[in-house]
Protein chains: 2
Amino acid sequence: MAAPMRRRATGQVSGENIVIEAAWMYYHEGRTQSCIAEQLGVSRATIVNCLQEAKELGLVRITLAPEAFTGHRLAEQLRERFGLAAAYVVPDDAAGEEEALMRVARGAAEWLPRLLAPGDKLGVSWGRTVYEVAEAMEQTRTEDVSVSQLVGSMATPYGFTAEICSAHMAMKLGAKLVNLHAPAVLSDPDLARRLRAEPIIAAQLEALSHCNKAIFAAGSANHESHIVSSGVATHEELDWYTRHGATGVLCGRFIDAQGRSVPGPLDDRMIGVELDKLEGLDMGLLVSTGQDKVRPMLSAIAGGYVTHVVTSVSTAEEMLSSAGG
Amino acid sequence: MAAPMRRRATGQVSGENIVIEAAWMYYHEGRTQSCIAEQLGVSRATIVNCLQEAKELGLVRITLAPEAFTGHRLAEQLRERFGLAAAYVVPDDAAGEEEALMRVARGAAEWLPRLLAPGDKLGVSWGRTVYEVAEAMEQTRTEDVSVSQLVGSMATPYGFTAEICSAHMAMKLGAKLVNLHAPAVLSDPDLARRLRAEPIIAAQLEALSHCNKAIFAAGSANHESHIVSSGVATHEELDWYTRHGATGVLCGRFIDAQGRSVPGPLDDRMIGVELDKLEGLDMGLLVSTGQDKVRPMLSAIAGGYVTHVVTSVSTAEEMLSSAGG
DNA sequence: CAGCTACTTTGACAATTGTCACGAATTGTT
DNA sequence: AACAATTCGTGACAATTGTCAAAGTAGCTG
């Protein structure tokens, strides 16, 4: 069971550290690869390899200063107009919808670790966007943070179920994980009630009320929404909710333009955090982009669930003009 | 007094944001400059300029993962051997003394912001190393941190007086600053006593006892030390202290091999923090490198002032072998 | 509105960096 | 001990990036 011996120790450099040494000289001291190669007594190509290894190991971290996005004109406007603690606006000038989503996710991924403090309990919602945030995050080791899954699991055809979102997020943060071992929606209200009463589930739901921060996306209340395609709601149910004023979806629950929960046939059958638990948190991080998300985002903000927003330039502009800027 | 109009608005891109847009595409999405230029409809050279501007503005931050240095073999050994909370060991394989110092400073500069939390009061010592740490720090905006100058000012021929160290540090951290408006050492004990009693100085000294974290370097007790060249101690005084067991200097005070303060002729005439105030802090960050610093560092650690260390590979090795590894 | 200033943008060229096929060294296997 | 199998380091070439002088453009001024 001998550890796989490194064999890079032929040079004059201690070997174990040549990757770090090279990365330091390159990124911190701004030397050229040739210079580094010469000093370490290896060929330049080796340095190229070292630098690539450093990148792959996650040794090198390139971030864009968050101030550039939170201090952006539109970010300030969002903050003032909607009374947020802060907003993070990523550029999407020359980007498509898909690309904008990835950028917003990346932005949130870079911002989130700075918004967390030791002792925090972070609730994680579900969806494509949240999944991409977790995916885009660098591995960090945050002290004493725990991550809870805010809504039950569902069978999405895309692979980003609620427990994968929270699990990835916890892993990237190096945090403790509280998963919700139950489906998001059941066929029968009675079964849901009994499941909620089940000790293990009850304990997990109880843990949710202790979350002091949360990350979620706004879902649109239309037929393309993942809430339908992942089987949480049927087309008929969706129609019912929209007829009764639903303008968006937050953590699996339909909300109206004022952000109030729209009570309906699904609620009794769902397992997940209730919206009133999300009010008045230390942080409610809304991560969304896209034209169809503007109304849901405004609804979520109106409901008082949101303290921080990550979005794109064009979405921010539409939010401001929609809200009567 | 109109704001100087930006004129980069000719292109099809919103203009104000082209720098951010370009930086995002380059650093986050890994595109080539040509690709970015094409997409934004400008020449590649323009993108080069944008990226340089981004760097100059401090928009781009390249850091090497701290885990690589705190998780280093020697870092672990230092931690265990000396009971530290953590150690950060920078490579210095192919580096000279001067370069090693710069690297250690840079390492501390990258690490320090992560060791601070809102509400902290950081005491800042004085010296070449501490100065370079402040200099190497990126501008950040830390919430509710204050910086205090731990020792009075002195006339150093090099420009890094105590108040400049603390002022730079505070500026870089975006923190509140409490300077000590007094000389570090006076010619007469009585004058020092009266100055300490002076309300404004007394208040500043009082503030020092509320520091919960501190950053300092270990000074060597030899004739090349800055403690002599900056006029804090004369050659005779230094000799006196070394004859009485001094092995190093910490925050302007001589300490022996066990880290105890060596009482002597200078103490009465000095204005600055007393060593017992530095014991048992939440964090005592010792930043030093060089062969002549090994004994002083060991002394400082023995005295219980140190919870975190930043040093270089070769110094770490010498510390471990000197201390009987 | 011509002319000036200060600035940005550009194209061509130089320097640096990335790629890849090959050879050398090491390990495990027969 | 000889032979794959594997991995790492190397040199030559391709791609990308940095530099710089010249051209262009907006704003200002007489």
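Below, each value reflects all heavy atoms present in this structure, side chains not excepted, and no hydrogens, waters or symmetry copies. In what follows, chains carry the letters A, B, and so on, assigned in the order in which the sequence lines appear, proteins first and then strands, with residues in each chain numbered from 1.
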Ignoring backbone atoms, establish whether [X] has a side-chain N or O less than 4.0 Å from OP1 or OP2 of [N].
| X | N | value |
| --- | --- | --- |
| B:Gln33 | D:dG18 | yes |
| A:Gln52 | C:dT17 | no |
| A:Thr46 | D:dT10 | yes |

Ring-plane angle category for A:Phe69 and A:Tyr88, please: parallel below 30°, perpendicular beyond 60°, tilted otherwise.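 The arrangement is parallel - the two ring planes meet at less than 30°.
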Between A:Phe160 and A:His226, how do the two ring planes meet: parallel, tilted or perpendicular, split at 30° and 60°?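 Answer is perpendicular, since the angle exceeds 60°.
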Given [options], identify the nucleotide with an atom nearest to the side chain of [X].
| X | options | answer |
| --- | --- | --- |
| B:Asn49 | C:dT9, D:dT16, D:dT10 | C:dT9 |
| A:Val48 | D:dT19, D:dT10, C:dG18 | C:dG18 |
| B:Ser43 | D:dG11, C:dG18, C:dT9 | C:dT9 |
| B:Tyr26 | D:dT17, C:dT19, D:dG9 | D:dT17 |
| B:Ala45 | C:dT17, C:dG18, D:dT19 | D:dT19 |

All pairs passing ring pair (Phe, Tyr, Trp, His ring centres under 6.0 Å) where residues 34-55 of chain A contributes a residue, at least two apart: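 Residue pairs with at least one partner in residues 34-55 of chain A: there are none.
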Pair A:Arg81 + A:Glu317, salt bridge at N-O below 4.0 Å: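 Here A:Arg81 does not pair with A:Glu317 in a salt bridge, since their nearest N and O are not under 4.0 Å apart.
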What about A:Arg44, does its side chain sit under 3.5 Å from the base of D:dG9 through a donor-acceptor pair?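 Donor-acceptor pair under 3.5 Å: no.
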Roughly what angle, to 10°, lies between the helix axis at the start of the helix from C:dC1-D:dG30 to C:dT30-D:dA1 and the one at its end, five pairs per end?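 Roughly 20° between the end axes, to the nearest 10°.
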Result of checking B:His168, B:Arg106, B:Lys172 against B:Glu135 for side chain to side chain donor-acceptor pair (under 3.5 Å):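 The residue from B:His168, B:Arg106, B:Lys172 that satisfies side chain to side chain donor-acceptor pair (under 3.5 Å) with B:Glu135 turns out to be B:His168.
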For atom CG of A:Leu40 and atom C1' of D:dC8, their distance in whole Å: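 It works out to 16 Å between those atoms.
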Please state how far atom CD in B:Glu38 lies from atom C1' in C:dT10, giving the value in whole angstrom units.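 In whole Å, C:dT10 C1' and B:Glu38 CD are 16 Å from each other.
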Listed by chain and number, what are the side-chain contact (heavy atoms from CB on, under 4.5 Å) partners of A:Phe82, not counting sequence neighbours?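 With sequence neighbours excluded, A:Phe82 shows a side-chain contact (heavy atoms from CB on, under 4.5 Å) to A:Leu78, A:Leu84, A:Leu298, A:Ile301, A:Met319, A:Leu320, A:Ala323, given in chain and number order.
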